[in-house]
Amino acid sequence: MAVAVRTLSFREAINEALSQEMERDPSVLLMGEDVAGGATVPGFDQEDAWGGVLGVTKGLVQKFGRDRVLDTPISESGYIGAAVGAAATGLRPVAELMFVDFFGVCMDQIFNQGAKLRYMFGGKAKVPVVIRTMIGAGFRAAGQHSGCHYSVFTHMPGLKTVVPSTPADAKGLLAAAIRDDDPVLFFEHKLLYDVQGEVPAGEHLIELGKADIKREGDRVTVVAIGRMVQMALDAAESLSSEGVSVEVVDPRTLSPLDEDTILSSVRKTRRLVVVDEDNPRCSMATDLVALVASRAFDDLDAPPQMVTAPHTPVPFSPIMEDFYVPTPEKVAEAVRATL
Amino acid sequence: MEITRDRAVWIYERMALIRVFEERVAQLFADGRIAGFVHLYAGEEAVAVGICTHLNDGDFITSTHRGHGHCIAKGVDPGEMMAELFGRLGGSCKGKGGSMHIADVSKGMLGANGIVGGGPPLAAGAALTAKVQGSGAVAVCFFGDGAAEQGTTHEAMNLAAIWKLPVVFVCENNQFAESTPVSYHCAATSIADRAASYNIPGVTVDGYDVVAVYEAAGEAIARARRGDGPSLLEAKTWRYFGHFEGDQITYRTAEQSAAYREHDPLTTFARQAQDRELLQKEDVDRIDADVKKKVEDAIEFAEASPQPAPEDALTDVYVAYR
C-alpha cells in the first residue's frame with residue numbers, strides 16, 4: 001500500500017510528530033517557555049498562541065489543552081528538572097529548551113540527574129524525556145543564541161542525541177525519540193524550520209542509530225550533520241560536474257552513532273570529509289575522524305579533512321557570521337584536497 | 001491527628017532503625033569496610049520519620065546526600081541499602097550508586113542525590129506526574145539549609161506554586177552547610193519565611209520533636225492531597241556526626257552537641273509515648289533489640305551478596321562507544 005506523502009516544512013513535520021504522539025499516548029506532554037504562548041494570557045484562552053518563539057508547537061494547546069501543553073516560567077533548571085522527575089515517575093515529557101545555548105543554566109538537571117539516574121539506580125529507573133532545542137548560526141543572533149553544542153551532550157553517557165536534516169527525518173526521529181526510554185536531546189537547526197520536504201502522513205518512525213545515505217557516490221565520503229547535509233549536497237552537485245562522485249552520509253543521530261554505515265562508506269571511497277557547524281575541539285568532527293583513523297586507517301588514501309566552524313563563539317556581524325558557517329565552497333575545497 | 005499505638009510503634013521503630021543503621025555504618029566506615037563518601041543522618045531522625053509516617057509506597061520522595069534516613073523512613077530494605085554501601089550486586093542499585101544515590105523507585109524513593117539542590121525540580125516533576133495521572137499521590141522534597149540557597153530550590157517552589165503541584169518542600173535545617181553556619185549563608189532569619197515569596201504556607205517546627213513534625217507534615221500533606229498546592233516546612237535539627245565521615249567537626253563545640261543529645265528525638269519520643277500510654281517500657285526495649293538485629297542481618301546480607309564483575313560497569317546505560 002502506498003504511503004500518503006505530502007510536502008511539509010521542517011517546522012510542520014515536528015509539530016505533526018508531537019501532535020500524533022500526544023494523540024497516541026496520553027502520558028506525552030509538552031512544556032517550555034511560550035510553548036502555549038498567548039494561551040495563558042487571561043481572556044486569550046481561545047486565541048491562537050505563539051506556540052514557541054518560532055511557532056513549532058503552534059495550535060497544540062488548542063488541540064490538547066493547557067494541562068498537556070504547559071507554559072513554564074523562564075526557569076530552565078526548574079522545568080527541565082521537573083520534566084526529568086516526571087519522566088522518572090511515569091510521564092513522557094517533551095521539554096523545549098528555547099536555544100541550546102541556555103543549557104548553561106540547567107545543565108545539572110540534564111547531566112547529573114537525567115543522564116545518570118538510570119545508571120546510578122542500577123537500571124531500576126528509566127527517564128523517557130525528550131529535550132527539544134534550537135541550534136545554529138544564521139539569525140544574526142550572536143554569541144548566546146546561535147551555537148550548536150550537540151558535541152557537549154554527545155560526550156555525556158546516558159544521553160542520546162539527534163540532529164535531523166530534513167522534514168521527514170525530523171518527524172520520524174522525533175516520534176522515535178518520544179518512544180525511547182532514555183533521555184534524548186533533539187537538536188533543531190533554526191534555519192531548517194522553513195525548509196520544505198516530503199513527509200509521510202501517518203505513523204512514521206526512524207530508528208535511532210541508523211545513518212542515511214543522502215546521496216550515493218564512490219570517490220569521496222562526506223559525513224555531514226544537520227543543516228550541513230545541505231551544504232554537502234550542494235558541494236556534491238557542483239563536484240559532479242568536475243567528475244568527482246561524492247557520497248553524502250547523514251548520521252542523523254550522534255549517540256547512538258551508526259559507525260558501520262560510516263566505515264563501510266569510507267572503505268568504499270577511501271576518503272573522508274566531515275562537515276560540522278559545531279566548534280571543532282573535542283567535537284563530533286574530531287570524533288568521526290578518530291573513528292575512521294583508528295578503525296579504517298589502512299583503507300584511507302588521503303588524510304581526512306574537517307570543515308567546521310572556527311573555535312570561537314558565534315559573531316554578530318553578518319559578514320563575520322557568514323564567514324563562521326561552513327559553505328558548499330569550503331566543502332568542495334576540502335573534497336578536492338583528498339583527491 | 002491522633003497518634004495511635006500502632007503508629008507510635010512504627011515511629012519509634014523507624015527512628016531507632018535509622019539511628020542504629022547510621023551508628024553501625026560509622027563503625028564500618030572507620031574500619032575500612034565501606035568505601036567512598038558517607039554522610040550520616042543520626043540526630044535528624046524525627047524529620048524523615050515524622051514526615052514519612054503520612055506517606056505510602058505510591059507517594060514520592062527526593063532526598064539528599066544525607067539520604068539513609070529518608071530511605072529507611074520510606075521503606076527501602078536495610079539489607080539492600082547496606083549491600084549498596086558495600087558495593088555489592090545485591091545492593092539497591094547493584095553497586096552502581098553507593099551512599100549518595102541509593103534509590104528504590106518501587107517504593108517511591110527517587111534517590112539520594114549527590115548534588116545539593118538537585119532534588120527539588122525532580123520532586124516538582126514527580127508531583128506533576130501525580131497531578132496529571134490524578135493518582136492522589138504527593139511528593140516530598142527533602143533538602144538541607146545549604147540547598148535553601150540554590151536556585152533550583154527556588155525555581156521548583158515557584159513552579160510548584162504556579163502549577164499547584166502536590167508537593168511538600170521540607171527543609172532540614174541542621175544549621176550547617178558543610179562547615180558554614182546558616183547564620184552566615186542565609187540572608188533570611190527563617191527559611192520558612194521564604195514561602196511568602198511563592199504565596200504558599202511556610203512553617204518552622206522543632207525537628208527534634210517527632211510529634212511536632214508529624215502534625216505539621218500532616219497539614220501540609222493533606223493540603224497537597226486535596227489539590228491545594230505546595231507548602232514549605234522548615235525543621236530545625238542537628239546532626240550528631242560530621243558533614244561526612246572523617247570530618248573532625250572543628251566548627252562546632254562538644255557542648256553544643258551535648259545540649260542536643262539531652263533532647264534526643266528518640267528518647268524524647270519514647271518518654272512522650274510512655275507518658276501517653278502508647279508504648280510500654282517493654283515495647284521500647286523490644287524495638288531497640290529488634291532494630292539491632294535488623295541492622296546486623298543487613299550487614300550479614302551485604303557481606304553475603306556477590307561482588308559485581310568489572311564489566312558490570314558497562315550495563316544499565318546506553319553504551320555508544322567501542
Side-chain angles (χ1 to χ4, degrees), chain A residues 26-27 29 31 67-68 70-91 93 105-106 108-109 112-126 129 154 157-161 180-183 208-209 253-257 259 287 291 295, chain B residues 60 62 84 89 91-98 100-106 108 110-115 117-133 135 137 139 150-160 162-163 165 312-313 315-322:
Chain A
S27 72
L29 55 78
M31 58 171 87
D67 290 339
R68 291 183 70 195
L70 295 163
D71 265 348
T72 66
I74 298 176
S75 183
E76 287 87 0
S77 291
Y79 77 81
I80 296 285
V84 169
T89 51
L91 299 183
V105 291
C106 59
D108 182 68
Q109 293 295 321
N112 273 318
Q113 313 300 333
K116 295 182 184 174
L117 289 191
R118 177 177 154 201
Y119 186 81
M120 293 191 305
F121 297 177
K124 295 177 187 172
K126 59 180 185 181
V129 65
T154 306
L159 297 178
K160 293 181 178 174
T161 50
D180 198 278
D181 282 343
D182 282 317
L208 304 186
T253 67
L254 306 180
S255 182
L257 181 67
E259 298 177 353
D287 190 85
L291 170 76
R295 305 265 295 280
Chain B
F60 303 107
T62 61
E84 189 59 34
L89 274 184
S92 40
C93 306
K94 301 191 297 198
K96 287 203 171 85
M100 283 191 286
H101 307 296
I102 298 179
D104 187 344
V105 178
S106 70
L110 301 178
N113 206 311
I115 304 296
L122 302 179
L128 178 64
T129 298
K131 186 180 176 186
V132 168
Q133 293 179 339
S135 65
Q150 284 280 30
T152 45
T153 306
H154 294 268
E155 293 190 28
M157 285 197 275
N158 184 61
L159 202 60
I162 65 166
W163 287 349
L165 299 177
D312 287 336
T315 62
D316 298 321
V317 69
Y318 171 69
V319 179
Y321 201 83
R322 289 181 280 184

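Computed from heavy atoms alone, side chains included, the values below leave out hydrogens, waters and symmetry copies. Letters A, B, ... mirror the listed sequences (proteins, then strands); counts begin at 1.
Looking only at heavy-atom pairs under 4.5 Å with chain A, the residue among B:G114, B:A160, B:A313, B:G117 that has the most is B:A313. Counting heavy-atom pairs closer than 4.5 Å to chain B, the top residue among A:V84, A:I80, A:D108 is A:D108.
Evaluation of the salt bridge (charged side-chain N to carboxylate O under 4.0 Å, His left out) test over residues 113-126 of chain A, restricted to residues two or more places apart or in two chains, returns A:R118-A:D182, A:K126-A:D181.
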Checking side-chain contact (heavy atoms from CB on, under 4.5 Å) for the pair A:T253/A:K160: CA distance, chi angles, key distance, verdict? CA-CA 8 Å; A:T253 67; A:K160 293 181 178 174; over 6 Å; no

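B:Q133 has its side chain out of reach of A:T89: every pair of non-hydrogen atoms, C-beta onward, lies at least 4.5 Å apart. Between B:L122 and B:T62, some side-chain heavy-atom pair lies under the 4.5 Å cut-off.
Residues A:S77 and B:T152 have side chains that never bring a donor and an acceptor to within less than 3.5 angstrom of each other.
Only the side chain of B:N158 comes within contact range of chain A, judged by heavy atoms closer than 4.5 Å. Of the two parts of A:D180, neither the backbone nor the side chain holds a non-hydrogen atom closer than 4.5 Å to a non-hydrogen atom of chain B. Of the two parts of A:L29, only the side chain, counted from C-beta on, holds a non-hydrogen atom closer than 4.5 Å to a non-hydrogen atom of chain B. For B:V132, the part lying under 4.5 angstrom from a heavy atom of chain A is the side chain only. With a threshold of 4.5 angstrom between heavy atoms, A:T72 approaches chain B through its backbone and through its side chain. There is no contact between B:L165 and chain A, counting heavy-atom distances below 4.5 Å. Neither the backbone nor the side chain of B:E84 has a heavy atom closer than 4.5 Å to any heavy atom of chain A.
Residues satisfying the salt bridge (Lys or Arg N to Asp or Glu O under 4.0 Å) test with B:K94, not counting sequence neighbours, are B:D316.
Using a distance-only test at 3.5 Å, with no hydrogens or angles considered, no donor-acceptor pair links the side chain of A:S255 to the main chain of A:T154.
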